[in-house]
Amino acid sequence: MRRLLLCGLALCMGSAWGQLPGSVLGSLQLELRSYHRDSLIGAGELPQRIACNAYVPVTYRLGNVTLGFRYEAYLPPLQGYDPRYEGNGFPFRFVEYREGQLHVTLGSFYEQFGSGLLLRAYEERLLGIDNALDGIRVRYAMPGVRVTGLLGRQRRFFGWSGLVRGADLELALAEWGTGVPVDFTFGASVVSKYQRDDDPRFRLPENVLAYALRSEWRWNSWRLYAEWAYKHNDPSALNGFSYNPGTALYTAISGTLGSLGLTLQAKRVDNMAFYSDRTASGTVSVLNYLPPLSRQHTYRLATLYNYATQPGGEIGLSAELIVPVPERFGNGMLTLAYSRIHGLDTVHTDAFRYRSRFPGISPRLYLEELVLEHNAEWGETLKSTLELIRLNYNKDVAEGVRGYGYVHAWIAIAELVQRLSQQHSLRIELQHLWSRQDRGNWIFAAAEFALASRWSVSVWSEYNYGNPKRDERFAYPGAAFTLIHRTLRLSLGYGRQRAGIVCVGGVCRYMPAAHGLSLSLTSSF
Amino acid sequence: MVRVHLLALSVAAVTTLQAQERLPAVVLRALDGRPVHTDTLSNAGKPIVLNFWATWCKPCLLELATLHRLYPQWRAETGVRIIAISIDDARTSSRVAPFVRARRWEFEVYLDENSELRRALNITDIPHTVVLDGQGRIAWQHQSYSPGDEEQLADVLRRLVGSSSSGQ
């Protein structure tokens, strides 16, 4: 009866909201998963059997004012998420006021200065990242000048911790109408965090200041971006209580030569982990974002060995060339990408400091990756993707483990999407990974049949047939049925999921092996 | 149990609410670096299609290749303006301009590097399509892409153009 009353109340609320002046936007994401014991793949059983993550953000706008909140529930959190998320509440709520060039936010907000080397507050639900700030932010923008100032605490599960202060200034020359053919933008930002020193062993800085300078040059189709960041000494558990300052340098050049597209990126990072809480690690309380130079993969086997930036120290470059392919070879694109990342050469001068000369490239390779990808359209009904990846992956460094060394792997991927009729389509994916290290060879196959805008059914299996340990040659099959209606997507699946690292945007999280049912519901309005 | 009730309440509330929104005011970046204010986007009374995508999103690329093929025909028929909004973050946003220019996409492409517009619209996954009517109101939304979804989008655009011309 109580549930019926609550649902009735919700319906009334919904109808009443519909009559309000102003406008409402919202969405719902519900992820449910049952966990069954599967001792073969190491999947454990949850005492509650079922875990659930739910997110309901709603915003209401009336004139210049926007109110918003996000209800979140982890009952308990899905496996792989930090168990400290367990509970429910409204960890994100805000009120915004906009008047001309002024924009003021009170409450929770996300923000990024430059490319994020100093500050990037963002949300990535798949990884359980939400490092929103909660306080006050003021933005003022006029042609060619943008200023942001903020003060707040950082989200930590269902609470807030630390104290963060920051300011950013951006000057865009081209917007001043100078008529200069080269478009130049200059930016400067500063971030400071405060945390009380209550460590009995060390004298730790309570205020840590960090600043960054950036510039962007544009000329015809070409763009050059460079950002340099410096962080004063910030000893923490994560950097072994090093009193060294932190630095980061990131540059990117991109443009087109005729019909060729070219992107070059280089980055050097030294002791640049930046957290609002010096006891934190992983993705909790992190203040900045260090864009990785490895390629962002989405195919299943290509994500088996995923690399994320090592904030302690690394130096690397990446290059990508995109070449249009003539019609007789599939009227598509050929992409050639290469990344190489090394450790930094450092010499310890005492227990808490080290010397690191620029550029200081260590012979210790962290990652080398070569990718060749061919996308093609064969008429209006058949599309294909072929991808070949050569990988040299330092598993010890990338995953923080010991004794595994390097994994040398080749990965071949083929994806075909065939339109069978106006509404029906079939997608086939075949992948193979060859390696003599770690867990050896893998094969993956998937098929998906879809009726456009209505439903799809998919089956897949991943098989570690080449595992050197014969009794660990497991298959990870699964199937899912998905219903789609406009913004509503309801998916019901069943299967095994291998343990591994899941990465989005170069930030990674470990997902344990699992076996069971999954239900996913997303909708927005 | 109270927590489960709260969750059920939220689900019921969300499923009963109706969209009645104009595009939130957010500043995006064009590929040439110029700021684009979303609250000033217009198309002379014709519909606008906003397609949220990223360079690493395979279904997004399938959908955009199809929109690229159909754009000249749709533009002639309905006057639609298509805008592809990339949510590539700092890791891949440098790739976007050469990626787009090599493909010769004719529609506009803007960058939403820290997902401000995506979040303001409460978009969960990509690809996600938002259609604005001639008055700039959100008229239709759709998430995910399978070949053939574009037929439904074309119907929506024709209906919007038909209703606006019959209303004039």
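Residue numbers start from 1 in every chain, and the chains themselves are labelled A, B, ... in the order their sequence lines are given, proteins ahead of strands. Heavy-atom basis, side chains included; hydrogens, waters and symmetry copies ignored. Because the structure is a prediction, the values reported are computed rather than measured.
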Main chain of [Y], side chain of [X]: is a donor-acceptor contact present, judged purely on distance under 3.5 Å?
X        : Y        : result
A:Arg489 : B:Ser144 : no
A:Arg218 : A:Thr185 : no
B:Arg34  : A:Glu175 : no
A:Gln422 : A:His424 : no
A:Asn53  : A:Gln29  : no
A:Thr309 : A:Leu290 : yes
B:Asp88  : B:Thr55  : yes

Which answer fits [X], side chain, backbone, both or neither, if we ask what part of it has an atom under 4.5 Å from a heavy atom of chain A?
X        : result
B:Glu116 : side chain
B:Ile123 : neither
B:Arg69  : side chain
B:Phe99  : both
B:Ala54  : neither

For chain B, which candidate among [options] shows the most heavy-atom pairs at distances under 4.5 Å?
options                             : value
A:Glu123, A:His103, A:Glu320        : A:Glu320
A:Ser259, A:Ala252, A:Ala450        : A:Ser259
A:Lys267, A:Gln265, A:Glu380        : A:Glu380
A:Arg61, A:Arg70, A:Gln418, A:Arg98 : A:Arg61
A:Ser221, A:Pro324, A:Ser318        : A:Ser221

Region of [X] that comes under 4.5 Å of a non-hydrogen atom in chain B:
X        : value
A:Ala141 : neither
A:Ile484 : side chain
A:Glu72  : neither
A:Glu170 : side chain
A:Arg125 : side chain
A:Ser453 : both

Ion pair check, A:Glu111 and A:Arg139, cut-off under 4.0 Å: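 Answer for the salt bridge query: yes.
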Basic-acidic side-chain contact under 4.0 Å: B:Arg75, B:Glu106: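 Answer for the salt bridge query: yes.
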Among [options], which residue forms the greatest number of heavy-atom pairs with chain A at distances under 4.5 Å?
options                               : value
B:Arg95, B:Arg101, B:Glu113, B:His128 : B:Arg95
B:Thr129, B:Val100, B:Val96, B:Asp32  : B:Asp32
B:Pro35, B:Ser146, B:Ala97, B:Ser115  : B:Pro35

Taking every non-hydrogen atom, the tightest pair across A:Gly26 and B:Asn122: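 The answer is CA-ND2, 3.3 Å.
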Heavy-atom closest pair, residues B:Arg29 and B:Val36: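 Residues B:Arg29 and B:Val36, closest heavy atoms: C-CG2, 4.5 Å.
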Residues, nucleotides or ligands: over 12 heavy atoms within 6.0 Å of B:Arg118 CZ: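 Enclosed: over 12 neighbouring heavy atoms sit under 6.0 Å from CZ of B:Arg118.
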Other residues, nucleotides, ligands: >12 heavy atoms within 6.0 Å of A:Trp217 CH2: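 Open.
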From CD1 (B:Ile48) to CG (B:Leu23), nearest 0.5 Å: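 Rounded to the nearest 0.5 Å, the CD1-CG separation comes to 8.0 Å.
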Rounded distance [0.5 Å steps], CZ in B:Phe52 versus CD in B:Gln141: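 Atom-to-atom, B:Phe52:CZ and B:Gln141:CD are 9.0 Å apart.
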Polar contact flag, side-chain donor to acceptor under 3.5 angstrom, A:Glu124-A:Tyr122: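 Their side chains do not contain a donor-acceptor pair, so the 3.5 Å distance test is not met.
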Which residues share a side chain to side chain contact (heavy atoms under 4.5 Å, CB included) with B:His68, sequence neighbours left out: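 B:Trp105, B:Phe107.
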Under the side chain to side chain contact (heavy atoms under 4.5 Å, CB included) test, residues paired with A:Glu448 that sit two or more places apart: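 In terms of side chain to side chain contact (heavy atoms under 4.5 Å, CB included), with neighbours along the sequence ignored, A:Glu448 is linked to A:Arg427, A:Ser456, A:Ser458.
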Test of ring centre spacing under 6.0 Å for A:Tyr250 and A:Tyr289: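 No, too far apart.
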Neighbours of chain A found in residues 147-154 of chain B - heavy atoms under 4.5 Å: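 Expected list: B:Pro147, B:Gly148, B:Asp149, B:Glu150, B:Glu151, B:Gln152.
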Any residue of residues 76-87 of chain B which, by heavy atoms, sits under 4.5 Å from chain A: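 Hits under 4.5 Å: none found.
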